[in-house]
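Each ligand, and each atom within it, is numbered from 1 in the order the structure gives. What you see below is based on every heavy atom in this structure, not just the backbone, and it leaves out hydrogens, waters and symmetry mates.
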Amino acid sequence: MNTPVKVAVTGAAGQIGYSLLFRIASGELLGKDTPVELRLLEITPALGALEGVVMELDDCAFPLLAGVETGDDADVVFDGVNVALLVGARPRTKGMERGDLLEANGAIFTAQGKALNDHAADDVRITVTGNPANTNALIAMSNAPDIPTERFSALTRLDHNRAIAQLAAKVGAPVTDVSHMTIWGNHSATQYPDLFHAQVGGRNAAEAVDDQQWIEDTFIPTVAKRGAAIIEARGSSSAASAASATIDHARDWLRGSPEGDWVSMAVRSDGSYGVEEGIMSSFPVTTRDGSYEIVQGLDIDDFSRGRIDASVAELVEEKAAVSKLGLI
Ligand SMILES: NC(=O)C1=CN([C@@H]2O[C@H](COP(=O)(O)OP(=O)(O)OC[C@H]3O[C@@H](n4cnc5c(N)ncnc54)[C@H](O)[C@@H]3O)[C@@H](O)[C@H]2O)C=CC1
Ligand SMILES: O=C([O-])CC(=O)C(=O)O
């Protein structure tokens, strides 16, 4: 057996945590040969509920679960962690836009960035799921000057998976026929799910759909506003699907994206595709052994250009807002 990998999860007593922890402990993140030690961070009032979740983890008798530590002090919980899944944040409720959350969550990600900087293992990889995910990741990254910037990412894999599901349903194909999906920009209503580079059964997806109006008026808004639709229907935000996407994201980052395909991740822009350098924006990436590369050389037509620019503009605004608040 390998040595246990230390995986930190914040907001571990929350909705996403309740789905995520059990999948990590069962081996879905690191594989069936790698034991895992869970490091669970919560705010003090939620530690009691977290103990109940830990009792349930015990009761699963997961063979790969080498240990569980809980606490409310990031400096202690993040000590030596190899993977950090930053889920804990104040979730959006009915009628709230992500911008409203910037300030409330800024303080959380400033402190956690510093704690990771000072205590995480040298090989740490950090994924931010808590909203507003892209800018929270920017805040954490900016407060962790000793951690290489390419170790930080934010989750747009849920949007990616939603886009695959919507496209597959439209053309009547199984989801496994869909490849080369891309989410560009922010995990918000401005995101751009791109069918012009996606494929269905090896064929260009936009050509297979052959309906620009459906792409503009149905596909893009359905994917981009799916989070709000779930809140409306369920009364609380996506949890199981968000946990599933968090696993997909971190698993592929650590263990590799599918051969011949790519995935969507929000990472620090290096200026590729004219996206302002330094913001955390979603790109098509290939991944391997904990590294990623932004896919290069895709042709961007005027329609896609306009959509990418609009979402990037929102990220630039969010960056300016948190900069003004002194968070980065
Ligand atoms: N990027 C994405 O695709 C998605 C992101 N989300 C976001 O994920 C986040 C978590 O969602 P849920 O689990 O449904 O929320 P939840 O409210 O059920 O759980 C959040 C947990 O975080 C904890 N928490 C708050 N501040 C904390 C801190 N400083 N340190 C550690 N824990 C802290 C809370 O006590 C709570 O238990 C929200 O921000 C939500 O908007 C949700 C769905 C998709
Ligand atoms: O919309 C929300 O607040 C939750 C979320 O990020 C999503 O489901 O995409």
Side-chain angles (χ1 to χ4, degrees), residues 8-21 39-53 70-78 84-116 127-137 139-140 153-163 165 183 185-191 193 221-250 264-266 280 282:
V9 178
T10 70
Q15 288 199 90
I16 294 176
Y18 195 62
S19 180
L20 185 59
L21 301 180
R39 298 294 192 85
L40 309 179
L41 184 71
E42 259 297 350
I43 53 171
T44 317
L47 287 176
L50 184 57
E51 276 317 305
V53 178
T70 63
D72 57 4
D73 183 348
D75 289 340
V76 176
V77 173
F78 288 164
L85 305 176
L86 306 186
V87 176
R90 192 175 146 208
R92 190 160 66 116
T93 41
K94 269 189 195 185
M96 271 175 104
E97 277 308 317
R98 285 184 180 75
D100 302 333
L101 293 177
L102 278 177
E103 190 165 2
N105 286 312
I108 297 176
F109 289 87
T110 312
Q112 292 183 1
K114 287 182 179 145
L116 286 166
T127 297
V128 177
T129 295
N131 279 321
N134 301 53
T135 298
N136 286 341
I139 294 169
S153 66
L155 188 76
T156 51
R157 185 62 173 268
L158 178 54
D159 312 293
H160 178 103
N161 290 345
R162 288 167 171 165
I183 304 295
N186 200 2
H187 172 66
S188 76
T190 67
Q191 68 177 265
T222 299
V223 173
K225 296 181 182 162
R226 187 72 161 182
I230 305 266
I231 292 171
E232 194 57 43
R234 227 172 71 83
S236 53
S237 63
S238 331
S241 55
S244 193
T246 302
I247 297 264
D248 289 346
H249 170 114
S264 303
M265 273 171 76
M280 298 293 287
S282 187

- Nearest heavy-atom contact between Gly88 and Thr10 is N-OG1, 2.9 Å
- Looking at Ser238, which atoms of ligand 1 are within less than 4.0 Å of one of its heavy atoms? 42 (C), 43 (C)
- Item | Test side-chain contact (heavy atoms from CB on, under 4.5 Å) applied to Leu86 and Thr129, Val128, Thr246, the passing residue | Val128
- Query: Side chain or backbone of Ala239 under 4.0 Å from ligand 1, or both, or neither, by non-hydrogen atoms?
  - Reply: neither
- Item | Nearest neighbour of atom 44 (C) of ligand 1 from the list Ala242, Ala243, Ala111, on a heavy-atom basis | Ala242
- Task: Would you confirm whether Gln191, through its side chain, and Ser188, through its main-chain N or O, come within 3.5 Å as a donor-acceptor pair?
- Result: yes
- Item | Atoms of ligand 1 close to Leu158 [distance to a heavy atom under 4.0 angstrom, numbered from 1] | 3 (O), 44 (C)
- Checking Pro193, Ser264, Ser153 against Ser282 for side-chain contact (heavy atoms from CB on, under 4.5 Å), the one that qualifies is Ser264
- Are the side chain of Thr156 and the backbone N or O of Ile183 linked by a donor-acceptor pair below 3.5 Å? no
- Query: With atoms numbered from 1 as shown, which atoms in ligand 1 lie under 4.0 angstrom from a non-hydrogen atom of Ser237?
  - Reply: 14 (O)
- Query: Looking only at atom types and distance, does a side-chain atom of Arg39 sit under 3.5 Å from a main-chain N or O of Val77, one as donor and one as acceptor?
  - Reply: yes
- Which ligand 1 atoms are under 4.0 Å away from a heavy-atom of Gly11? 21 (C), 22 (O), 23 (C), 31 (C), 32 (N)
- Message: Using a 3.5 Å cut-off on N or O atoms only, is His187 in polar contact with ligand 1?
- Response: yes
- Query: Strictly under 4.0 Å, does any heavy atom of Gln191 approach an atom of ligand 2?
  - Reply: no
- Message: Strictly distance-based, threshold 3.5 Å: is any side-chain N or O of Arg226 a donor or acceptor partner for the main-chain N or O of Ala229?
- Response: no
- Task: Give yes or no for whether the N/O distance cutoff of 3.5 Å, strictly under, is met between His187 and ligand 2.
- Result: yes
- N/O donor-acceptor pair under 3.5 Å between Glu42 side chain and Asp72 backbone: no
- Would you find a donor on one side and an acceptor on the other, under 3.5 Å apart, between the side chain of Asn134 and the backbone of Gly185? yes
- Item | Atoms in ligand 1 flagged as close to Gly88, the criterion being non-hydrogen separation under 4.0 Å | 22 (O)
- For Ala250 and Thr127, which heavy atoms make the closest approach, and how far apart are they? CB-OG1, 4.5 Å
- Within the distance-only criterion (no hydrogens, no angle test), does the side chain of Asn105 pair as donor or acceptor with the backbone N or O of Arg90 below 3.5 angstrom? yes
- Residue portion contacting ligand 2 (non-hydrogen atoms closer than 4.0 Å) for Arg162: side chain
- Message: Can a donor-acceptor pair be found, under 3.5 Å and without considering hydrogens, that links the side chain of Asn136 to the backbone of Asn131?
- Response: yes
- Provide the number and element of each atom of ligand 1 under 4.0 Å from a heavy atom of Leu155. 1 (N), 2 (C), 3 (O)
- Message: Can you name the atoms of ligand 1, numbered from 1 with element, that are less than 4.0 Å from a heavy atom of Val87?
- Response: 8 (O), 9 (C), 10 (C)
- Item | Atom indices of ligand 1, in the order listed, that fall short of 4.0 Å to a heavy atom of Ile108 | 26 (N), 29 (N)
- Query: Hey, looking at atom 1 (N) of ligand 1, which of Thr129, Val53, Ile231 has the closest heavy atom?
  - Reply: Thr129
- Message: Heavy-atom pairs closer than 4.0 Å: do any link ligand 1 to the side chain of Gln112, the backbone, both, or neither?
- Response: side chain
- Heavy-atom proximity to atom 26 (N) of ligand 1, picking from Thr44, Val9, Ile43, points to Ile43
- Message: For Ala240, is there any backbone N or O sitting under 3.5 Å from a side-chain donor or acceptor partner on Ser244?
- Response: no
- Does an N or O from Gln15, backbone or side chain, lie closer than 3.5 Å to an N or O of ligand 1? yes
- Message: Distance under 4.0 Å to a non-hydrogen atom of Gly227: what atoms of ligand 2 satisfy this?
- Response: 1 (O), 7 (C), 8 (O), 9 (O)
- Asp159: heavy atom below 4.0 Å from ligand 2, yes or no? no
- Search all heavy atoms of Phe78 against all heavy atoms of Ala115 and return the closest pair with its distance. CD1-CB, 3.7 Å
- Item | Part of Ile230 with heavy atoms under 4.0 Å of ligand 2, whether side chain, backbone, both or neither | neither
- ligand 2 versus Arg226, non-hydrogen atoms closer than 4.0 Å: side chain, backbone, both, neither? neither
- Under 4.0 Å from any heavy atom of Ser238, which atoms of ligand 2 are there? 7 (C), 8 (O)
